[in-house]
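Read the numbers this way: they start at 1 and go in the same order the structure lists the ligands and their atoms.
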Amino acid sequence: NDYPFEKDADLPVPSDLKRHYDVVIIGGGGHGVATAYYLAKYHGITNVAILEKGYLGGGNTARNTAVIRSNYLTSEGVKFYSESVKLFQNLSNEFDFNIMYSSRGQLTLAHTDATVRSFRQRTEVNKHFGGRTELIDPQQIRELVPTLNMNPADMPILAGLWHIDGATARHDAVAWGYAKGATQRGVELHQLTEVTSVNTSNGKVVSVETNRGNVGCGCVVQAVAGHSSIVAGMAGFRMPLTSYPLQAMVTTPVKPFLNPLVSSSALHCYVQQTGRGEIVFGGGSDPYPLYNTRSTLDLKESLIASAIEMFPFMANFKLLRQWAGTTDMTSDYSPIMGLSPVDNYYLDAGWGTWGFKSTPICGKTMAELVASGGKVPELIAPFSMDRFDVFRQVNEMGATAASH
Ligand code: FAD
């Protein structure tokens, strides 16, 4: 039996691959299944196959630390992520399935005057374009997070960026909610089905080869996160991406003491407590490109050192698990979405370390793109791949980095 999930009634599993689909989605992570869901539910397009080389949501969707927020730096970013947060807030109702959305607020710490200045800018941009963000002083920070060390690593906390819309959700539930909604409307999810090459003719994609045979298609959506460069290479073009490992870790559960999500770019660390009481830590990508999802001692030591600076009593906590994913990074820390050099081959990539929070809006806008036959929705137009040719980068480096 090739299909370990065949008996799950909630998730209809197709037996054979058909010879042709209107839409082939490469990648059964959150973005791929969300695109299929919006195609089926809002555009009536159901002759769709999601081809996933592993299992549903087993890539970065399973590995992320589930931070949801919209307090970005650019108008393009704030508009886009704010729409995603709105969709997230109603997702359990939309699915009739609990995604365990937990609204906590997110606090980012400033340890230098330069950071305070950039937070002021973010506050104003957020106010104008739909994010709910304000600059708060050390006293307000103490009240929000009484257990926080206000002088971590001898870098006094001068101010904080308080984003009331910061939240988390159960990442597996998000993938399952979308997958159930899509497959129950007729979309086929083929797990253990790897795309091994992409066949084009006259600048258009006509079919993909898989480990289970050839599949003809009307168009393709590529949503493979850390493997974006590899799969784009199969379609015959290069992407301005570099793939880095990104690691995270979690402790055994302790009593609830931390409601907001707390992050410090200067310390390369963010910390949050899950609904089960575990403490999740994350930081920046590993400092070298690599296709590997191993964990390292270096990162364990540096991340724990920063977390203990922020919350010294965490020195007594026990680490439960450490893991990694492969992230496809752009140089401006914004995604690459929309058209590609191949006519009917659409891109959802460059999601690096920050793409869980965008899952709903990516699904919605990618479905609009496909359903319209290639008319790029306004919200994602700034993220086109050709921005790198014409120097129209959307620089989110300061607002992404270790904040995710
Ligand atoms: P994935 O879930 O990776 O799905 C892509 C799928 O494509 C995979 O399942 C893979 O198996 C499949 N695939 C690849 N190649 C092929 C092929 N040839 N044929 C068929 N299938 C293929 N984002 C946030 O917003 N907040 C966070 O707090 C956050 N924390 C993170 C922490 C870590 C440690 C990591 C690794 C990432 C984090 N991210 C975070 C980023 C986020 O996880 C990703 O951007 C997001 O999950 C991307 O979703 P996806 O569906 O595009 O990718």
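- A 6.0 Å sphere centred on NE2 of H43 holds more than 12 heavy atoms belonging to other residues, nucleotides or ligands.
- Judged by the shortest distance from any of its heavy atoms, I68 lies outside the 4.0 Å radius around the atoms of ligand 1.
- For atom 15 (N) of ligand 1, the candidate residues are H171, H190, E194, H227; the nearest heavy-atom contact is made by H227.
- Using a 30° and 60° split on the angle between ring planes, Y333 and W354 fall in the parallel class, below 30°.
- Under the 3.5 Å distance criterion, with hydrogens and angles disregarded, no donor-acceptor pair is assigned to the side chains of Y178 and T359.
- The shortest heavy-atom distance from G282 to ligand 1 is not under 4.0 Å.
- Inclusion of T193 in the set of residues having an N or O under 3.5 Å from an N or O of ligand 1 is not warranted.
- Backbone and side-chain nitrogen or oxygen atoms of N60 are examined, and one is located within less than 3.5 angstrom of a nitrogen or oxygen of ligand 1.
- A donor-acceptor contact closer than 3.5 angstrom links the side chains of E94 and Y37.
- For F257 and F313, the distance between ring centers is under 6.0 angstrom.
- Heavy atoms of W354 found under 4.0 angstrom from ligand 1 belong exclusively to the backbone.
- Residue Y270 approaches ligand 1 through these ligand atoms, each under 4.0 Å from one of its heavy atoms: 30 (N).
- Considering backbone and side-chain atoms alike, G54 places every N or O at 3.5 Å or more from each N or O of ligand 1.
- For the 3.5 Å distance criterion, the side chains of E188 and Y21 qualify, holding a donor opposite an acceptor.
- Of all the listed residues (F356, Y81, W323, Y178), F356 holds the heavy atom that lies closest to atom 23 (N) of ligand 1.
- Taking the six-membered ring for Trp and thresholds of 30 and 60 degrees, F80 and W351 have nearly parallel ring planes, at less than 30 degrees apart.
- Proximity to G325 (heavy-atom distance under 4.0 Å) selects the following atoms of ligand 1: 36 (C).
- Checking N64 against H171 by side-chain atom types alone, no donor-acceptor pair falls below 3.5 Å.
- Heavy atoms of T353 found under 4.0 angstrom from ligand 1 belong exclusively to the backbone.
- Taking all heavy atoms of H31, E52, K357 into account, the minimum distance to atom 8 (C) of ligand 1 is reached by E52.
- Which parts of ligand 1 touch A223 is read off a 4.0 Å heavy-atom cut-off, strictly below it: atoms 5 (C), 7 (O).
- Under a 4.0 angstrom heavy-atom cut-off, G226 registers as lying outside contact with ligand 1.
- A donor-acceptor pair shorter than 3.5 Å can be found between the side chains of T74 and E396.
- Residue A324 has no nitrogen or oxygen atom sitting less than 3.5 Å from a nitrogen or oxygen atom of ligand 1, judged on distance alone.
- In terms of polar-atom proximity, defined here as any N/O pair under 3.5 Å, G30 does make such a contact with ligand 1.
- The shortest N or O to N or O distance between V224 and ligand 1 is not under 3.5 Å.
- Applying the 4.0 Å criterion to heavy atoms of G59 picks out, from ligand 1, the atoms 2 (O), 3 (O), 9 (O).
- With a heavy-atom cut-off of 4.0 Å, A62 does not touch ligand 1 at all.
- Under 4.0 angstrom from ligand 1, there are no non-hydrogen atoms of T326.
- Here Y244 has no heavy atoms under 4.0 Å from ligand 1, in either its backbone or its side chain.
- Across N98 and M100, no two heavy atoms sit closer than the pair OD1-N, 2.7 Å.
- Judged purely by distance below 3.5 Å, without hydrogens or angles, the side chains of S264 and H111 pair a donor atom with an acceptor atom.
- Residue contacts with ligand 1: D348 is placed with no nitrogen or oxygen under 3.5 Å of a nitrogen or oxygen of the ligand (distance criterion only).
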Full working for side-chain hydrogen bond (donor to acceptor under 3.5 Å, both in side chains) between T35 and Y346: CA-CA 11 Å; T35 302; Y346 304 119; over 6 Å; no
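- No hydrogens or angles considered: nothing links the side chains of T274 and R276 as a donor-acceptor pair under 3.5 Å.
- The atoms of ligand 1 that sit less than 4.0 Å from any heavy atom of G352 are 41 (C), 45 (O).
- Of the candidates G29, G27, P335, G58, it is G29 that places a heavy atom closest to atom 4 (O) of ligand 1.
- Interface atoms of ligand 1 facing W351, defined by a heavy-atom separation under 4.0 Å, are 45 (O).
- For the residue pair R185/T46, the side-chain donor-acceptor check at 3.5 Å is not satisfied.
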